[in-house]
Amino acid sequence: MTNKIYYLASCDTCRKIIKSLPNPNKLEFHDIRQNPITESELEELHSLSGSYEALFSRKAQLYKSLDLKNKNLTEADYKMYLLQHYTFLSRPVFIIDNKIYIGNSQKNSAEVIKVLS
């Protein structure tokens, strides 16, 4: 499996994290707006993370505008929304040596930098 980053090129946070990476050439870059995640890619992320909910971003504007916080979402719902619109993916998502790192927390970024060093 290739080491990969799922990100949004227009996202300032993603760009900042990418800029801080040592050896970014060790990663395959996947811009989720230009190249939406396929169901098989999402299945791979799911198998590494253990749930669709773990991959789901509650910060997305669409999450608020669709009033999803007041709905009881199931794993099937999370999967459907993740496939429906790129904004629902918690970004960036790194897959490095068959381990997944989801989101932009400082702890996550530090771990990714450490593994890529």
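In this text the structure is predicted, and so the values were computed from the model without any measurement.
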J.: How close do S90 and G103 get, counting heavy atoms only, and between which atoms?
T.: OG-CA, 3.9 Å

J.: May I ask you to check whether over 12 heavy atoms, not counting those of K69, lie within 6.0 Å of atom NZ?
T.: no

J.: Are R58 and E53 ion-paired here, with the side-chain N under 4.0 Å from a carboxylate O?
T.: yes

J.: Distance from I37 atom CD1 to L89 atom CG, nearest 0.5 Å?
T.: 4.5 Å

J.: Can you see which heavy atom on N3 is nearest to which on I96, and at what distance?
T.: OD1-CA, 3.3 Å

J.: Y78 and ring pair (Phe, Tyr, Trp, His ring centres under 6.0 Å): which partner among Y63, Y52, F56?
T.: F56

J.: When rounded to the nearest 0.5 angstrom, what is the spacing between CZ in R15 and NZ in K19?
T.: 8.5 Å

J.: When you look at NZ of K16, are more than 12 heavy atoms from neighbouring residues, nucleotides or ligands closer to it than 6.0 Å?
T.: no

J.: Can E41 and T38 be counted as having a side-chain donor-acceptor contact under 3.5 angstrom?
T.: yes

J.: Consider only side-chain N and O atoms of R91 and S57, and report whether a donor and an acceptor are under 3.5 Å apart.
T.: no

J.: Can you check salt bridge (Lys or Arg N to Asp or Glu O under 4.0 Å) on E75 and K79, steps first, answer last?
T.: CA-CA 6 Å; E75 277 290 287; K79 179 181 181 180; over 6 Å; no

J.: Per the side-chain contact (heavy atoms from CB on, under 4.5 Å) rule, which among V112, I95, I18 passes with I5?
T.: I18

J.: Identify the heavy atoms of P22 and I113 that sit nearest to each other, and give their distance.
T.: CG-O, 3.6 Å

J.: Is it the case that more than 12 heavy atoms not belonging to N70 sit under 6.0 Å from its CG atom?
T.: yes

